[in-house]
Amino acid sequence: MPTYLVKLTPIDKFFFGQKNTFGDDNVNYFVRSSHFPQQTALLGLLRYQLLCHADKSVFDNNKIVNSKAAKELIGEKSFSPEEPSVDNFGLIESLSPVFLMDKETGEMYLPAGLRYQEKEKGKYEPLHLKKEGSVVLLEDYDTKKGVYSRWISDRTQSDTIAEDDFFKEDTRVGIRKNYTGGTEDDAFFCETFYHFANYVGGDLKEGNEGTAHSNCEKELKKVHDYCFAFRFRAKEEVRFEKSKIVHLGGERQPFLMEVTKEENADLLPLEDFSFAKDRSLYMVLLLSDACIPSEIAKEALFAITEVKDFACLLTQTDGDRRFYNRFGKRVKGHKEVKTKDVHLTHERELYIAGSLFYFEDYEAADKFCQRVISSHFHTIGYNYTTIIEPDNKQKTR
């Protein structure tokens, strides 16, 4: 099956929605973008682009005109958290997790684990576990400093990078207007977008992401060319433009989408990564966000985790759909959708990428990984793991 690398470079600022948005059922006046797009958004982007490249007898004027042919391209339904049987996305076989890439150097970045603490100013070190009888503790843990997830490159193994260091905030304050141009009640809002931190020097302001701008105190110097990236495996050759402008995210921000076919490529190659090991225990590192039921998570001897909220839109290929009611009734899955309205699923929690689960032996760690990746979430790039052995030998799942 052919494998493709997709790079998504924001043209300007970007915004990826999360729980705190301006939705009718969730009134928030201070909202912040997530750093990364959801895997469901990437799947939706691929499905839409397949339609855009289809013949006009299938997709014309931004509408599906041949449902049968469209189903062969993209499947009948979108991803559903509660319905594994729905996982047929036409020509799309599977996705990798989203990761970061520097297009200038070709470097690839992945989370290194939620176990780093600042020991000296600006210097972060991984914490180790020690077991005393039935008690497991983090060695030299300072409760005032907490632990942080760091990122690692496949080129420089010695240095780790804070996730925040890849991004720069861009906060906008505004007044929401109604359809007649009047000001609505409680109309004030504050919205935080992000740019990639590609430049050093002057202050980043709107319009100067790509060039040194006259309103900077000093000239900007470009030191990185970061982008979002992921791979997908197709059931057969697919047609994509090598590069085109697409729109992605809650604010439909423009991105440059570049697609390259790769020969004999893994969806998430790890052979050039060297993750810091624990002294005595096996670690399972989440390389993506993951849906892990409590009965599986509790198998771990110890865990360092954070969770995030997750919900997604349910859409179907047949017929027109009404998006304006999407903030209405939430449903579990497609079986509960009785109208032409597009619905949001009920919220659930995912463990974030970088979370760690500890085990005393390889067999227990491997059994845990097998159960995690058996979820249908794995098909679209969630629930990716790697085992980090005490002797630094790694097995990927």
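Any value given below was found using the heavy atoms of this structure, including those in side chains, with hydrogens, waters and symmetry copies removed.
Using bins of under 30°, 30° to 60° and over 60° for the plane-to-plane angle, the ring pair F368/F357 lands in the tilted bin. A tilted orientation is assigned to the rings of F255 and F14, their planes being inclined by 30° to 60°. Using bins of under 30°, 30° to 60° and over 60° for the plane-to-plane angle, the ring pair H35/F167 lands in the parallel bin. Using bins of under 30°, 30° to 60° and over 60° for the plane-to-plane angle, the ring pair F302/Y358 lands in the perpendicular bin.
With salt bridges taken as basic N to acidic carboxylate O contacts below 4.0 Å, none links R150 and E125.
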Given side-chain hydrogen bond (donor to acceptor under 3.5 Å, both in side chains), test Q38 with T40 step by step and report yes or no.
CA-CA 5 Å; Q38 283 193 171; T40 49; 2.9 Å; yes
Could you go through the salt bridge (Lys or Arg N to Asp or Glu O under 4.0 Å) check for E258 and K103 one step at a time?
CA-CA 11 Å; E258 300 169 277; K103 295 198 296 183; 2.8 Å; yes
Stepwise, does the side-chain contact (heavy atoms from CB on, under 4.5 Å) test hold for I352 with V307?
CA-CA 5 Å; I352 68 166; V307 295; 5.7 Å; no
Take E191 and R32, measure what salt bridge (Lys or Arg N to Asp or Glu O under 4.0 Å) needs, and give me the verdict at the end.
CA-CA 6 Å; E191 195 169 9; R32 178 182 296 273; over 6 Å; no
Worked verdict on L100 versus F166 for side-chain contact (heavy atoms from CB on, under 4.5 Å):
CA-CA 9 Å; L100 295 175; F166 289 103; 3.6 Å; yes
List the steps, then state whether side-chain contact (heavy atoms from CB on, under 4.5 Å) holds for I387 with D366.
CA-CA 7 Å; I387 297 175; D366 185 58; 4.1 Å; yes
E295 vs R371, salt bridge (Lys or Arg N to Asp or Glu O under 4.0 Å): CA-CA, chis, key distance, verdict:
CA-CA 11 Å; E295 63 268 20; R371 296 186 70 183; 5.4 Å; no
Kindly indicate, with the supporting measurements, whether the criterion salt bridge (Lys or Arg N to Asp or Glu O under 4.0 Å) is fulfilled by R172 and D170.
CA-CA 7 Å; R172 311 293 176 95; D170 184 348; 2.7 Å; yes
Check step by step if side-chain hydrogen bond (donor to acceptor under 3.5 Å, both in side chains) holds for N62 and Y48.
CA-CA 10 Å; N62 213 35; Y48 180 68; 2.6 Å; yes
Take V246 and M257 through the test side-chain contact (heavy atoms from CB on, under 4.5 Å) and record every step on the way to the result.
CA-CA 6 Å; V246 299; M257 178 178 176; 3.8 Å; yes
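To the nearest 0.5 Å, the span separating SG on C291 from CD1 on I296 amounts to 8.5 Å. The distance from atom OG of S34 to atom CG of D309, rounded to the nearest 0.5 Å, is 11.5 Å. Atom NZ of K63 and atom CG of N61 lie 7.0 Å apart (nearest 0.5 Å). Here the straight-line distance linking atom CG of L286 with atom CG of N383 works out to 8.0 Å at 0.5 Å rounding. Q253 contributes atom CD, which lies 10.0 Å from atom CG of L248 (distance to the nearest 0.5 angstrom). Of the inter-residue distances, the one linking S288 atom OG with L95 atom CG reads 11.5 Å to the nearest 0.5 angstrom.
Ring pair F193/F15: centre-to-centre distance below 6.0 Å. Ring centers of Y116 and Y124: at least 6.0 Å apart, outside the cut-off. Aromatic rings from F36 and W151 are positioned such that their centres are separated by under 6.0 Å.
Between the side chain of T317 and the backbone N or O of G75 there is at least one donor-acceptor pair closer than 3.5 Å. Looking at D361, its side chain does come within 3.5 Å of a backbone N or O of A364 through a donor-acceptor pair.
Residues I11 and L256 are in side-chain contact: their nearest non-hydrogen atoms beyond the backbone lie under 4.5 Å apart. Counting heavy atoms from C-beta on, the side chains of H195 and E169 never come closer than 4.5 Å. Between F59 and C52, some side-chain heavy-atom pair lies under the 4.5 Å cut-off. Put simply, the side chain of I64 reaches to within 4.5 Å of the side chain of S67, judged on heavy atoms. Between I373 and Y384 the shortest side-chain heavy-atom distance does not fall below 4.5 Å. With a 4.5 Å cut-off on side-chain heavy atoms, L285 and L287 count as touching. Between I292 and L350 there is no side-chain heavy-atom pair separated by less than 4.5 Å. Considering only heavy atoms from C-beta on, I152 comes within 4.5 Å of F275 through its side chain.
Shortest non-hydrogen contact noted between A276 and I388 is O-CG2, 4.0 Å.
Following chains of ILVMFWY side-chain contacts shorter than 4.5 Å, one cannot reach Y148 starting from Y109, and the two form parts of different hydrophobic clusters. By the rule that hydrophobic residues join a cluster once side-chain heavy atoms approach within less than 4.5 Å of another member, L301 and L356 end up as members of one cluster.
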Expected list for residues 126-138: side-chain donor-acceptor pairs under 3.5 angstrom, two or more places apart:
from	atom 1	to	atom 2	distance (Å)
H128	ND1	R279	N	3.4
K131	NZ	E360	OE1	3.4
K131	NZ	E360	OE2	2.8

Distance-only donor-acceptor hits, side chain of residues 225-239, under 3.5 Å, sequence neighbours excluded:
from	atom 1	to	atom 2	distance (Å)
Y226	OH	H224	ND1	3.4
Y226	OH	H224	NE2	3.3
R231	NE	E262	OE1	2.7
R233	NE	T3	OG1	3.2
R233	NH2	A265	O	3.1
K235	NZ	G90	O	3.0
E237	OE1	Y4	OH	3.1
E237	OE1	K261	NZ	3.3
E237	OE2	K261	NZ	2.3
R239	NH2	H53	O	2.5

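If you check the side chains of T192 and T171, you find a donor sitting under 3.5 Å from an acceptor.
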